[in-house]
Amino acid sequence: MRAYLDLCQRIVDQGTWVENERTGKRCLTVINADLEYNVGANEFPLITTRKSFYKSAIAEFIGYIRGYDNASDFRKLGTKTWDANANLNAAWLNNSHRKGEDDMGRVYGVQARAWAKPDGGTIDQLKKIVDNLKNGIDDRAEIMTFYNPGEFHLGCLRPCMHTHNFSLLGDTLHLTSFQRSCDVPLGLNFNQVQVFTFLALMAQITGKKAGMAYHKIVNAHIYEDQLSLMQEVQLKREPMALPKLIINPDIKSLEDLETWVTMDDFKVEGYECHEAIKYPFSV
Ligand SMILES: Nc1nc(=O)c2c([nH]1)NC[C@@H]1CN(c3ccc(C(=O)N[C@@H](CCC(=O)O)C(=O)O)cc3)CN21
Ligand SMILES: O=c1ccn([C@H]2C[C@H](O)[C@@H](COP(=O)(O)O)O2)c(=O)[nH]1
């Protein structure tokens, strides 16, 4: 994916060093990046300049769709990506709202499926979108947002890719996704897969054609301990052709996603890549 490598190169060439208090590390940072994925043509934006663990990325997103709030549920689905934020961050470990081992609190999926209303009850943002789209309705507010500042103190991390806005033009579905903060070597590798897969799945379960996904990023950074691997290894590699994502056609509803879907329902065709790179992760 040339656009991904261009962003990495832009950070290396033009980035500004910014101290990050939460992790205690410096990040080489640029502001504003726009990526586009052609979901209709099934051009799956899987990074080829290193091995990409796409099933882990999809599992993370299915966990959000299911409203999970516990790292062990994510592990059962096939990803360990929330272990560190649930169990290793000092601020969260000392937070009186943490309900014990593996609890993530009211983050991501909880906000998507059970946003707490001030007058009691909850809002299921995702179900409303699915119901509208199935009926051919785009009310110009088909928005699912994880971003709830009133509940940040109840969760282990503020959402990074925080808002997904669907649009229907005729019978073609498009998606615009917004990300406030992006760990380009690790997080973006996953987030690209997630934006693409979310649109492909939503088109499939609402009976629409998939169109374009637009991924808008504000703060795009490389942590100081990731920089040499990016500069000296990943950026020296040539990207290969993009693979295709094959989703089990039996997935037909939101309920299917909530109940029986596993990572065996997702395959890639034609994925060739360079060797894995182990980037350091900052908690
Ligand atoms: N600093 C940081 N960066 C992130 O990208 C990030 C967070 N924190 N916290 C919340 C989630 C968790 N995410 C993660 C966490 C771990 C990997 C990771 O370790 N990926 C490895 C191996 C994945 C695997 O084997 O399943 C990789 O090489 O991509 C990726 C995304 C994305 N988010
Ligand atoms: O989906 C995700 C989730 C997280 N990230 C990265 C972006 C940052 O490096 C950290 C979060 O730190 P903040 O201090 O809350 O910005 O996680 C990502 O890239 N993608």
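Not measured: the values here are computed from a predicted model. Just follow the structure's listing: the first ligand is 1, and inside any ligand the first atom is 1.
Taking a 4.0 Å cut-off on heavy atoms, Gln194 fails to register as neighbouring ligand 2. The shortest heavy-atom distance from Glu60 to ligand 2 is not under 4.0 Å. Within the 4.0 Å heavy-atom cutoff, Trp82 counts among the residues contacting ligand 1. Using a 4.0 Å cutoff on heavy atoms, Tyr223 counts as a contact of ligand 2. In this structure, Tyr108 has a heavy atom closer than 4.0 Å to ligand 2. At least one heavy atom of Asn85 sits less than 4.0 Å from an atom of ligand 1. Using a 4.0 angstrom heavy-atom cutoff, Lys80 does not count as in contact with ligand 1.
Between Phe166 and Phe198, the distance from one ring center to the other falls under 6.0 angstrom. Aromatic rings of Phe178 and Tyr214 (six-membered ring for Trp) have centroids beyond the 6.0 Å cut-off, not under it. Between His221 and Tyr223, the gap from one ring centroid to the other is short of 6.0 Å. Not less than 6.0 angstrom separates the ring centroid of Tyr64 from the ring centroid of His164.
Looking at Lys278 next to ligand 1, no N or O pair under 3.5 Å apart turns up. The shortest N or O to N or O distance between Thr81 and ligand 1 is not under 3.5 Å.
With a 6.0 Å radius and a threshold of 12 heavy atoms from other residues, nucleotides or ligands, Gln231 has its CD atom above the threshold.
Of the listed options Pro159, Ala220, Cys160, Ala57, Cys160 places a heavy atom closest to atom 5 (N) of ligand 2.
Only the side chain of Leu157 comes within contact range of ligand 1, with a heavy atom under 4.0 Å; no backbone atom does. Contacts between Phe281 and ligand 1, counted as non-hydrogen atom pairs separated by less than 4.0 Å, involve the side chain only. The proximity of Arg50 to ligand 1, defined as any non-hydrogen pair under 4.0 Å, is limited to the side chain. At a 4.0 Å heavy-atom cut-off, ligand 1 touches Glu60 through the side chain alone.
Ring geometry for Trp82 against Tyr108 counts as perpendicular: the plane angle is over 60°, on a 0 to 90° scale with 30° as the lower cut.
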